[in-house]
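Here the structure comes first, spelled out in structure tokens, and everything after it is commentary.
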Amino acid sequence: MADKGNLQSALKKYFGFDQFKGDQEAIIRNVLQGNDTFVLMPTGGGKSLCYQLPSLLMDGTAIVISPLIALMKNQVDVMTHLSEGEGVAHCLNSSLNKAAIDRVKKDIVEGRTKLLYVAPESLTKEENVEFLKTVKISFYAIDEAHCISEWGHDFRPEYRRIRPTINEIANAPVIALTATATDKVRTDIKKSLGIMDAQEFKSSFNRPNLYYEVRQKTSEVDKDIIRFIRQHPGKSGIIYCLSRKKVEELAAILCANEIKAAPYHAGLESSKRSQTQDDFLMERIDVIVATIAFGMGIDKPDVRFVIHYDIPKSLEGYYQETGRAGRDGGEGICLAFYSYKDLQKLDKFMEGKPVAEQDIGRQLLQETAAYAETSVCRRKMLLHYFGETYEKENCGNCDNCLHPKKKVEAEKQLVIALNCIQAIKENFRANYVEDFIKGRETEEIIAHKHHLSEEFGAGADEDEKIWSPLIRQALLAGYLKKDVENYGLIKLTSQGKKFLKHPKSFMIVEDNEFSENDEALMEQEGGTSALDPTLNAMLVDLRKKVSKQLERPPYVIFQDVSLEQMATDYPVTLEELKNIQGVGEGKVKHPYAKEFVALIKRYCEENDIVRQADLRVRTVAKKSMLKVSIIQSIDRQVALDDIANAKGIDFDELLNEVEAIVYSGTKLNIDYFLEEVMDEDHVDDIYDYFQESETDDIETAIESLGEDYSEDEIRLVRIKFISEMAN
């Protein structure tokens, strides 16, 4: 082994740093002494240095097992840049061709390579095992070690094969590193890697500069996000979504609203992903919308916000993703949107998986829901989840601490809960405990005959909403604990047993209430659809005037729904008018469009209206490609029923699409189709009706025109009429 020498000068020589951070020096000394080491260090704490520096000081090649090819490339580039010679670091993975693999092996054999990054799948390949048997291994570093545990947020079965493969290659010290691990995951990692005696180095999980907030997710979530980004102009941020489809949709909406954003997920070509990553690092774009595939090993210190569009599957995942904000110690805003619907969706995804996997997944999900719903300090909740105690009552940097809820006395209820947990032999999880306390005769409770217990239903007379927050806050206060081996079983601590003998005041805060019906919640908060009746009446009058001037029915100018939205959103420019339902480029080109925005502008000025224009979100029509395709087909005079068949939609749906196109101001000529399918006199009769009518309503038209005309015929002629008269 190389002389340990002065670690400080080695740090300065290779990395240019004057000082080690936190436990780095102690960890490196432990590795240099040939000991197994377990490192738990939050994102941004400097984990990679803990194996990079010792690899440069020790004889042989260190094997770094890492789950992501992008992460390996990033780190190899860093090490190559630091070193004077070529080949000091290499990676061995599926992205390399035979010539590249031969070059890597040559550098290792000739002693140039100090660090070899491998994916677990590459490590276990027979040809690689045979080659590595011939190499002097200084140590093995297992990065993102939580991947070894089913209880971790990113379980990878191939990580379970690491220890048997190490035994086959050659024994050498092991250093396991992770940024997130609960007690359960930590035990799992050490057992799987056979390093139960490893010295543990555990850094604090507290990131005081990070602000945590959870908001109700409503149908206005896109608007909320755009408003948030506009309040933080030019700042870098990451938005996490659970599905690739949502990633692409949201990125498109942000771009349409003049926010420099790009999507990132594993389904995109690797060249596209690399380009997006570079654009983000070089600040050519401000926001990345991503699945969790993005961010591991990304060394960007000034990410100012991390938004979770969907609530994550586990608190470990959430912590690691939020940890990418404010790594330079500056501002870091962590905003998550939460709804029951998302929770139910995630729960449903688990169906069909093995029962044990479902059980683990649901427990992890419950922890996340508890975090979202709680009214206690979010920092306290997070740190407690990772086995760390946060002493302060108020951190001053989360939504719950900045807007604290009133505390209520729960001494009596805690006594009930502790007695009930003892009555069922401290052998069940929180949900079961709650059902037992409330006196719910579930199948499970009847199977265990606990409905016959004296304590069953001891809390039935209390407000049932109190039990979840009470149990969580009793865990935080140290009266209860969760068993590590049989994760989630609720047990009394010695402090809890003392409390039963000598009860005392126990103040708790009730949970935040999240409405299951987001629309109801919006109404309850005053909603966003506050129609201005005075302005609406003025717009109706203006429409009447314009319709007389142009000798067109009023609905041809603008539909009622368009006027109502104008009287809600107050568009004062033609650009803003385009965001109104039923108004497209074609409508805006009409001279009368200027009269409408001028009226609205004047009205706002005269009445001191504070407009919510900054909240108007330009949407990206999901069906815009379909609309373009329909317009092109009609231009080519393809029969409408053939278009419907080609698009896989029924005729009725096609008419809906065509109506939306003409009502928003685009001219379409469907005469070729009408000539083929309709009697000419019928076309004229229906056309004349719409010229005289005050309304374009189909029901009214059917009633007035009688049974000689079908609904489809009336709709087709209405399309012709609107296209010719309004556009």
What I'd like to find out is whether the side chain of [X] reaches to under 4.5 Å of the side chain of [Y], using heavy atoms alone.
| X | Y | value |
| --- | --- | --- |
| I490 | F428 | no |
| L500 | Q422 | yes |
| H384 | T389 | no |
| I333 | R304 | no |
| I421 | L492 | yes |

Would you confirm whether [X], through its side chain, and [Y], through its main-chain N or O, come within 3.5 Å as a donor-acceptor pair?
| X | Y | result |
| --- | --- | --- |
| S453 | K449 | no |
| D23 | F201 | no |
| N397 | L210 | yes |
| T218 | E220 | yes |
| T291 | S243 | no |
| T178 | L40 | no |
| D359 | V355 | no |
| E331 | N209 | no |
| Q24 | G46 | yes |
| H448 | E444 | yes |

Partner of Y338 under side-chain hydrogen bond (donor to acceptor under 3.5 Å, both in side chains), chosen from K217, R215, E373: E373
CA sep, side-chain torsions, deciding dist, call: S192, R160, side chain to side chain donor-acceptor pair (under 3.5 Å): CA-CA 7 Å; S192 296; R160 294 280 197 187; 2.6 Å; yes
With a 3.5 Å cut-off and no angle check, do the side chains of [X] and [Y] form a donor-acceptor pair?
| X | Y | result |
| --- | --- | --- |
| Y212 | N400 | no |
| N30 | T37 | yes |
| E144 | S66 | no |
| R227 | Q231 | no |
| R244 | Y264 | no |
| H308 | E321 | yes |
| H450 | E455 | no |

Does [X] pair with [Y] as a salt bridge, N-O distance under 4.0 Å?
| X | Y | result |
| --- | --- | --- |
| E510 | K406 | no |
| D461 | K438 | no |
| K202 | E388 | no |

Over-ring placement of R378 relative to Y371, 6.0 Å and 45° cut-offs: yes
With sequence neighbours excluded, residues passing side-chain contact (heavy atoms from CB on, under 4.5 Å) with S505: E409, M507
Ring centres under 6.0 angstrom apart (Y309, F337): no
Aromatic centroids of F386 and Y319 separated by under 6.0 Å: yes
Heavy-atom pair of closest approach, residues D183 and T187: O-OG1, 2.9 Å
Non-hydrogen atoms of G459 and I416 that approach each other most closely: N-CG2, 4.0 Å
Atom [atom1] of residue position [X] - does it have more than 12 heavy atoms of other residues, nucleotides or ligands inside 6.0 Å?
| X | atom1 | answer |
| --- | --- | --- |
| D197 | CG | no |
| K405 | NZ | yes |
| K235 | NZ | yes |
| K313 | NZ | no |

F305 and H232 aromatic ring geometry - parallel, tilted or perpendicular at 30°/60° bounds: tilted
Could you give the distance from [atom1] ([X]) to [atom2] ([Y]), rounded to the nearest 0.5 Å?
| X | Y | atom1 | atom2 | result |
| --- | --- | --- | --- | --- |
| K191 | M196 | NZ | CE | 6.0 Å |
| I446 | R440 | CD1 | CZ | 13.5 Å |
| I307 | L335 | CD1 | CG | 5.5 Å |
| F499 | T493 | CZ | OG1 | 11.0 Å |
| N206 | K392 | CG | NZ | 8.0 Å |
| L418 | L414 | CG | CG | 4.0 Å |

Test side chain to side chain donor-acceptor pair (under 3.5 Å) applied to Q320 and Y318, step by step: CA-CA 6 Å; Q320 189 167 49; Y318 170 78; over 6 Å; no
Step-by-step ring pair (Phe, Tyr, Trp, His ring centres under 6.0 Å) determination, H451 to F436: CA-CA 8 Å; H451 61 303; F436 180 83; over 10 Å; no
Audit row: K407, E393, salt bridge (charged side-chain N to carboxylate O under 4.0 Å, His left out) steps and yes/no: CA-CA 12 Å; K407 292 197 164 192; E393 273 307 305; 3.5 Å; yes
Contacts under 3.5 angstrom, residues 466-475 side chains, donor-acceptor by atom type, not counting sequence neighbours:
residue: S468; atom: OG; partner: E434; partner atom: OE1; Å: 2.9
residue: S468; atom: OG; partner: E434; partner atom: OE2; Å: 2.9
residue: R472; atom: NH2; partner: D511; partner atom: OD1; Å: 2.9
residue: R472; atom: NH2; partner: D511; partner atom: OD2; Å: 2.4
residue: Q473; atom: OE1; partner: V509; partner atom: N; Å: 3.0
residue: Q473; atom: NE2; partner: P469; partner atom: O; Å: 3.4
residue: Q473; atom: NE2; partner: V509; partner atom: O; Å: 2.7

Step-by-step side chain to side chain contact (heavy atoms under 4.5 Å, CB included) determination, N431 to Q366: CA-CA 9 Å; N431 282 3; Q366 278 164 16; 2.9 Å; yes
R161: salt bridge (charged side-chain N to carboxylate O under 4.0 Å, His left out) partners, not counting sequence neighbours: none
V287 and I239: CA distance, side-chain angles, deciding distance, side chain to side chain contact (heavy atoms under 4.5 Å, CB included) verdict: CA-CA 7 Å; V287 180; I239 303 174; 3.8 Å; yes
Residues C50, V31; criterion side chain to side chain contact (heavy atoms under 4.5 Å, CB included); working and verdict: CA-CA 8 Å; C50 298; V31 172; over 6 Å; no
Stepwise side chain to side chain contact (heavy atoms under 4.5 Å, CB included) test for I65 and D143: CA-CA 6 Å; I65 299 151; D143 208 358; over 6 Å; no
